[in-house]
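All ligand and atom numbering here is 1-based and tracks the order in the structure.
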Amino acid sequence: MTQASHDRLLIIDFGSQVTQLIARRLRELSVYCEIHPYQNVDEAFLADFAPKAVILSGGPDSVTREGSPRAPQSLFEMGLPVLGICYGQQTMMQQLGGLVETGHGTAEFGRAYVTPKVAQLDILDGWFSDGDEQVWMSHGDHVSKIAPGFEVYGTSPNAPFAITADPSRHFYAVQFHPEVHHTPNGAKLYENFVRLAGFTGDWTMDAYREQAIAAIRAQVGDKQVICGLSGGVDSSVTAVLLHEAIGDQLTCVFVDHGLLRKGEAEEVVTMFRDNYNMQFIHADEQELFLGELEGQSDPETKRKIIGKLFIDVFQKHANSIDGAEFLAQGTLYPDVIESVSFSGGPSVTIKSHHNVGGLPEKMGLKLVEPLRELFKDEVRALGVELGLPTSFIGRHPFPGPGLAIRCPGEITREKLDILREADAVYIDQIRKHGLYDDIWQAFVAILPVRTVGVMGDGRTYDFACALRAVTSVDGMTADYYPFTHEFLGETATRIINEVKGINRCTYDITSKPPGTIEWE
Ligand code: XMP
């Protein structure tokens, strides 16, 4: 565990689908927090973590089931402010001497309205000023008797104990989810809670930058670090942060696998080698990758080939760096939580994601992961703080396997060239219409099918392509972007007129799930 100079809030995760949203709401308040699954949190953990306050998340289990999850009992004797949400509220009640029951027509899912019972409660400052508050409920069980010392401050038709508290101990318990969008005034509740707990909002990117630089210097000493740079936001911010911390002890390796977008390699090289004056290896390995991919059409096979070659190439170049002991990676907090979360157990592999996993052990390298505590939007804020241009920071995500997964079926140089041109026109259209920043990710996929068309007086027999544009918060779920018909028509006309090799354009209106964002 990192020893921190900022105030820390602990979220004990009981497996709710929306636990990450609690963390986001808190980070928005400049409060540092970490999510830990309840199984990992015991008395010793609490002493070591030394939180200033604790939040108990929701969860899918029933408190009435024997052996169901609990918070460590000692938590309630530490004199810390505690906020229990949904399942967290129920276990809190039960552990403090109240009662929880199942069913009997009191389940509530979705929108509900809470009516105040007693007007004054510190955590409810700014609530109920216009009458009842809309909240989001999702519970089968309910509290039937509150714990000694608690009072009721709000009720809903199916949750007579929607808000209860023991203000003298700063214990608060709510049946609903204040972290979700559908509890419009929920952020206020968190704001009040952290203010009451004495947080000063000391989690800023400015403070983080200083602290991260000091931590990198302490970890690395006078050794060499290598960083795989893809040109994406995460690896770029990692590289710039490291460069600021250790200068020439850093070497970045940028692998050009021939699956990049139009002008991308030049852009990345100019940005890092010329602007930052970094030790930079531009590994042009197009022949290798495209050669190995020839004739391969299965999506997983393609991904595996790319992943393996990437490691081989990276290793080859890394071996040439004398005294390299560390490998820097742009791992983010959501990746860290997913690997330990209560709900993030073994799941079906939808796609083998490409990264440099496996490399550190193979090469005996130690990892430097300075973004491990950050969410994506915080990484962007840090990038701005570090002086990276906003146009670079705001770029749409681009996957490691690049255009390979936007070219279903066999990859050929011809198809890649057509795809690069079509993608450039599409992105140009999006920028011209001022839509780039409203869209999470947009790209063209070239389809493995030729169709018949007519241009001028002649027949064409060219490829069809699909345009994709989605809105998303984290890439886990996504919806298609609602372009106007005018925009789509104009874009299709431009692509077909300007890109030789494409004579038909479709728009992909699949959400995720059931689709995925990329085509492979
Ligand atoms: P999917 O297609 O799984 O994509 O809905 C979700 C997000 O992840 C990106 N993606 C990848 N990023 N390596 C990456 O670095 C990969 O192998 C990879 N596959 C998908 C995708 O572009 C989207 O933003």
Exercise for the section: Kindly say whether Glu518 contributes a backbone atom to a donor-acceptor pair with the side chain of Arg406 at under 3.5 angstrom? Expected result: no

Problem - Ligand-side contact atoms (ligand 1) for residue partner Gly475, heavy atom cut-off under 4.0 Å - result: 6 (C)

Problem - Inter-residue atom distance Arg25.CZ - Ile55.CD1, 0.5 Å rounding - result: 12.0 Å

Practice task
Please work out whether any backbone atom (N, CA, C, O) or any side-chain heavy atom from C-beta onward of Ser230 is under 4.0 Å from ligand 1, and answer side chain, backbone, both or neither.
Solution key: neither

Handout entry: Heteroatom distance test (Phe398, ligand 1): nitrogen or oxygen, under 3.5 angstrom
Key = no

Exercise for the section: Could you list the atoms of ligand 1 found under 4.0 angstrom from a heavy atom of Pro401? Expected result: 13 (N), 16 (C), 17 (O)

Handout entry: The one among Gln441, Arg468, Glu520 that brings a heavy atom closest to atom 23 (C) of ligand 1
Key = Gln441

Problem - Heavy-atom neighbours of Glu294 CD exceed 12 at 6.0 Å - result: no

Practice task
Heavy-atom contacts with Lys512 under 4.0 Å: which atoms of ligand 1 show up? List them by number with element.
Solution key: 1 (P), 3 (O), 5 (O), 6 (C)

Handout entry: Contacting atoms of ligand 1, where contact means under 4.0 angstrom from a heavy atom of Thr516
Key = 1 (P), 2 (O), 5 (O)

Practice task
Please confirm whether Arg303 comes under 4.0 Å of ligand 1, counting heavy atoms of the residue only.
Solution key: yes

Practice task
Indicate yes or no: does Arg27 engage Asp377 in a salt bridge with an N to O separation below 4.0 Å.
Solution key: no

Handout entry: Pi-cation contact, Phe398 with Arg261 (under 6.0 Å, within 45°)
Key = yes

Practice task
Please confirm whether the backbone N or O of Gln429 pairs with a side-chain atom of His433, one donor and one acceptor, at under 3.5 Å?
Solution key: yes

